[in-house]
Amino acid sequence: MAGTLAEFFELDEHDTDVSTEILAGVTTFLTMSYIVVVNPAILSAAISIDSRTTGQTIQMLAVVTIISAATATLVMALYANRPFAQAPGLGLNAFFAFTVVLGLGVPWQTALAAVVVEGVVFIILTAVGAREYIIKLFPEPVKFAVGAGIGLFLAIIGLEAMHVVASDPATFLQFNPVFASDPIAIISVVGLFVTFALYSADVPGSIIIGIALTTIVSYAASALGYSAIDPSVPALDGVFLYTPASLTGQTDVVYSAAGYDITPLVGAFLSGFSNVDALGFSLIVFTFFFVDFFDTAGTLTGVSQIAGFLDEDGNLPEIDKPLMADAVGTTVGGIIGTSTVTTYIESATGVEEGGRTGLTALVVALLFLASLALVPLAAAVPLHASHIALVVIAVLMLRNIVDIRWNDLSHAVPAGLTMFIMPFTYSISYGIAAGIIAYPVVKAAQGEYRDVHAGQWVLAAAFVFYFFVRTSGLLAGAL
């Protein structure tokens with residue numbers, strides 16, 4: 001069996017083995033398993049099925065989340081042979097629920113129709129090589145800065161979940177003002193340094209061990225009566241609020257047989273095409289398309305840089321295959337009832353554990369399918385424990401900045417903007433946009449406009465138009 005897997009996934013050619021790939025897959029799954037609970041929680045605010053209770057709707061959405069993630073990741077494993085995992089994307093699901101459905105009043109069936117159309121367009125563009133061509137137009141400094149930018153982005157996400165940082169009305173971000181009194185913060189930081197120590201000592205599975213130890217300590221602290229504090233929610237007298245359940249995972253998620261019947265969601269997108277405004281629908285598709293395209297491109301480039309997959313020009317060979325997995329996942333997801341599927345930056349955790357082939361992705365996909373029966377177990381890992389991995393990977397991804405030519409402003413400016421904008425706007429695509437817009441401008445200012453490809457000017461103009469659509473109210477006015 002091991003020999004067959006090694007031959008099919010070309011493990012020897014990628015200098016890896018079955019046990020390493022399995023460990024990498026488990027690591028990636030543990031790091032991103034929160035999506036099984038988080039995606040249904042977000043989408044249930046917008047998707048309501050008359051014959052179902054809210055709890056049953058959440059259960060149905062969890063099932064389609066798992067199926068779409070498993071389908072896309074299986075395509076990644078068996079067709080692309082890359083160690084990248086996929087699932088409905090955070091940010092895209094919030095845009096789906098809160099902006100399109102709740103904010104603009106678009107029926108959720110129509111929003112699903114837009115997701116399906118986006119996926120079909122992606123399949124066509126990927127098949128003819130258009131997506132690969134556009135990604136190759138990314139300026140070199142942007143490609144080399146994406147990894148570090150994603151690292152900073154991961155750090156913000158991880159430190160927030162670990163309660164190390166908190167929001168602040170004046171500075172937007174601050175150190176947790178009640179750190180010494182917050183069990184989540186203390187347990188997380190201890191777990192983080194234990195994980196760093198294990199990783200530095202070359203202990204196999206160090207990230208999984210760190211997550212497991214932090215989880216065990218969290219449950220023990222909860223059993224002893226310790227309660228977490230939410231550092232972002234002070235009471236009127238300035239005392240921060242306690243949230244007793246947040247020390248552990250969401251083990252109270254119980255799934256009934258009715259929740260597994262997803263027939264009201266499957267194919268619901270078809271009714272979304274009726275009585276739809278063409279302009280408004282096109283703008284929704286455009287927005288989904290734009291964000292997903294560049295989020296996926298950035299994630300693939302950043303994670304591939306860690307794995308050593310990029311060539312000397314910063315391109316990922318045969319990138320059309322993982323892009324096709326993303327396109328198929330988005331299409332299937334929209335058909336069965338969830339928002340856009342994309343490649344997850346958490347894939348970097350598995351890559352750091354040595355994952356180099358589709359066997360890593362296959363393990364992730366199988367674990368997602370297994371979680372259909374064990375959803376409460378998949379959700380049992382506390383968010384702060386799983387997100388320790390993100391901070392570890394964030395530190396390691398910063399080493400990618402050595403490939404940037406900092407003494408050349410036409411490289412330093414786009415690269416710097418790409419890196420800074422990602423965490424500060426909470427968006428990979430915005431960071432890429434900043435770098436792509438800056439590159440031709442700086443090049444032209446240096447008198448090197450002949451070095452700028454015409455397509456790079458077109459990309460920059462497209463991003464300017466995208467920002468106009470997102471921020472001018474044009475989308476709302478068209479609906």
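Scope of the values below: all heavy atoms of this structure, side chains included, with no hydrogens, waters or symmetry mates. All of these numbers come straight from a predicted model, not from anything done at the bench.
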Shortest non-hydrogen contact from [X] toward [Y]:
X	Y	result
S304	L310	CB-CD2, 3.7 Å
A111	V106	N-CG1, 4.1 Å
G355	P83	O-CG, 3.8 Å
I436	P139	CG1-CD, 3.9 Å
I156	P423	CG1-CB, 3.9 Å
A268	L112	CB-CD1, 4.5 Å

In the structure I gave you, are the side-chain heavy atoms of [X] and [Y] within less than 4.5 Å of one another anywhere?
X	Y	result
V101	F96	yes
I335	F269	yes
L61	N39	no
H387	I157	yes
S167	L173	no
T342	T330	no
S206	E353	yes
T331	V341	no

Please test F281 against F286 for ring pair (Phe, Tyr, Trp, His ring centres under 6.0 Å), starting from the C-alpha separation and ending with a verdict.
CA-CA 9 Å; F281 185 78; F286 171 78; over 10 Å; no
Who are the salt bridge (Lys or Arg N to Asp or Glu O under 4.0 Å) partners of R82, not counting sequence neighbours?
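If we apply the salt bridge (Lys or Arg N to Asp or Glu O under 4.0 Å) test to R82, skipping adjacent residues, there are no hits.
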State which residues pass side chain to side chain contact (heavy atoms under 4.5 Å, CB included) with [X]; sequence neighbours excluded, sorted by chain then number.
X	value
A85	T28, M32, T73, S347, V364
S188	M162, I184, H384
V458	none

With sequence neighbours excluded, tell me which residues meet side-chain hydrogen bond (donor to acceptor under 3.5 Å, both in side chains) with [X].
X	answer
Y79	none
T71	none
T357	E21
T31	T349

Given side-chain contact (heavy atoms from CB on, under 4.5 Å), test V36 with F368 step by step and report yes or no.
CA-CA 9 Å; V36 174; F368 266 119; 3.9 Å; yes
Under 3.5 Å, is there a donor-acceptor pair between the side chain of [X] and the main chain of [Y]?
X	Y	answer
T214	A385	no
S222	S218	no
T195	G191	yes
T301	G298	no
S33	L30	yes

Please round to the nearest 0.5 Å and tell me the distance separating atom [atom1] of [X] and atom [atom2] of [Y].
X	Y	atom1	atom2	result
T299	I345	OG1	CD1	6.0 Å
I47	T338	CD1	OG1	7.0 Å
I388	L192	CD1	CG	6.0 Å
I35	E346	CD1	CD	8.5 Å
L78	K321	CG	NZ	12.0 Å
Q59	D261	CD	CG	11.0 Å

Yes or no on ring pair (Phe, Tyr, Trp, His ring centres under 6.0 Å) for F294 and F138, after CA distance, side-chain angles and deciding distance?
CA-CA 10 Å; F294 291 100; F138 283 20; 5.7 Å; yes
For the residue pair Y426 and F153, does the interplanar ring angle fall in the parallel (under 30°), tilted (30 to 60°) or perpendicular (over 60°) class?
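Perpendicular.
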Which label fits F463 and Y466: parallel for a plane angle under 30°, tilted from 30 to 60°, or perpendicular past 60°?
perpendicular
Hey, mind stepping through R356 and L11 against side-chain contact (heavy atoms from CB on, under 4.5 Å) and telling me if it holds?
CA-CA 8 Å; R356 292 295 182 272; L11 301 188; over 6 Å; no
Checking F9 now: which residues fulfil ring-ring contact (aromatic ring centres under 6.0 Å, His included) with it, not counting sequence neighbours?
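Not a single residue meets the ring-ring contact (aromatic ring centres under 6.0 Å, His included) criterion with F9.
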Check ring-ring contact (aromatic ring centres under 6.0 Å, His included) between F309 and all other residues, then give those that pass, not counting sequence neighbours.
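Once residues adjacent in sequence are excluded, F309 has no partner under the ring-ring contact (aromatic ring centres under 6.0 Å, His included) criterion.
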Take V464 and F468, measure what side-chain contact (heavy atoms from CB on, under 4.5 Å) needs, and give me the verdict at the end.
CA-CA 6 Å; V464 171; F468 174 75; 5.7 Å; no
Do the ring centers of Y430 and F467 come within less than 6.0 Å of each other?
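Under 6.0 Å, so yes.
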All pairs passing salt bridge (charged side-chain N to carboxylate O under 4.0 Å, His left out) where residues 11-20 contributes a residue, at least two apart
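Passing the test, one end in residues 11-20: no pairs.
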Atom pairs and distances, side-chain donor-acceptor, residues 114-133, under 3.5 Å, sequence neighbours left out:
{"from": "E118", "atom 1": "OE1", "to": "T340", "atom 2": "OG1", "distance (Å)": "3.0"}
{"from": "T126", "atom 1": "OG1", "to": "F122", "atom 2": "O", "distance (Å)": "2.7"}
{"from": "T126", "atom 1": "OG1", "to": "R131", "atom 2": "NH1", "distance (Å)": "3.2"}
{"from": "R131", "atom 1": "NH1", "to": "L323", "atom 2": "O", "distance (Å)": "3.1"}
{"from": "R131", "atom 1": "NH2", "to": "D326", "atom 2": "OD2", "distance (Å)": "3.2"}

Of the options I49, T57, I336, which is the one that meets L265 in a side-chain contact (heavy atoms from CB on, under 4.5 Å)?
I49
Can you tell me if K143 and N315 form a side-chain donor-acceptor pair at under 3.5 Å?
yes
For F8, does the CZ atom have more than 12 heavy-atom neighbours from other residues, nucleotides or ligands under 6.0 Å away?
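Counting neighbours around CZ of F8, more than 12 heavy atoms of other residues, nucleotides or ligands fall under 6.0 Å, so yes.
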Test side-chain contact (heavy atoms from CB on, under 4.5 Å) on V363 and F29 and set out the steps.
CA-CA 8 Å; V363 172; F29 175 76; over 6 Å; no
